[in-house]
Amino acid sequence: MADTRRPWVISALALALFLAPTLQAASLVGFRALNFASDRPWNYLAYGLAAPYVGVLLWRRHPRCRFAAYVFLSHEIARGLHFRHWDAITIALAWIAVLQ
């Protein structure tokens, strides 16, 4: 019988992506960490829709879930470079390394 347990890294990344809308909402009351910020309209789309969607793909083990995660994490790295958020870049690179 095949092992049906979800790898810990997939579960952890899915959970982190599911929490993204909450962290983005927290930016409305002053939370400023990683790439979360209330003054950037794109964040609401990226963290309110895209992050949870990638999380669902990971949780359901969709055939393209890893690709979607790599695209989202690459997006995080690009935004981190643009806004000079080195913590966001480091975390995204760490997730990519662990997924490898």
Kindly work out whether a path of hydrophobic side-chain contacts (I/L/V/M/F/W/Y, heavy atoms less than 4.5 Å apart) joins [X] to [Y].
X   : Y   : value
L58 : Y53 : no
L15 : I91 : no
V9  : L93 : yes
L23 : V56 : no
L13 : L49 : no

**OP:** Count the heavy atoms of every other residue, nucleotide or ligand shown that sit under 6.0 Å from CZ of F83, and state whether that count exceeds 12.
**Re:** yes
Smallest separation among heavy atoms of [X] and [Y], with atom names:
X   : Y   : answer
R61 : R6  : NH2-CA, 2.8 Å
S27 : A37 : OG-C, 3.5 Å
P52 : G48 : CG-O, 3.5 Å
L73 : A92 : O-CB, 3.8 Å
N35 : R40 : O-NH1, 3.9 Å

**OP:** Carefully, step by step, assess I77 and I96 under the rule side-chain contact (heavy atoms from CB on, under 4.5 Å).
**Re:** CA-CA 10 Å; I77 292 168; I96 290 173; 3.8 Å; yes
Subject >> Check against side-chain contact (heavy atoms from CB on, under 4.5 Å), I10 and L99 >> reply: CA-CA 8 Å; I10 298 298; L99 282 172; 3.9 Å; yes
Where the side chain of [X] meets the backbone of [Y], is there a donor-acceptor pair that is under 3.5 Å apart?
X   : Y   : value
Y44 : S38 : yes
H62 : R64 : yes
E76 : I89 : no

Original post:
Does the side chain of W59 come within less than 4.5 Å of L17's, by heavy atoms?
Top reply: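 No; the side chains remain at least 4.5 Å from each other.
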Subject >> With Y47, the ring pair (Phe, Tyr, Trp, His ring centres under 6.0 Å) member among F18, F36, W42 >> reply: F36
Original post:
Can L81 and W86 be said to form a side-chain contact (heavy atoms from CB on, under 4.5 Å), step by step?
Top reply: CA-CA 7 Å; L81 288 170; W86 310 116; 3.9 Å; yes
Original post:
How long is the gap from CG on L34 to CG on N43, to the nearest 0.5 Å?
Top reply: 11.0 Å
**OP:** Give, for atom CZ of R66 and atom CD of Q100, the distance between the pair rounded to the nearest 0.5 Å.
**Re:**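 Here the interatomic distance stands at 6.5 Å.
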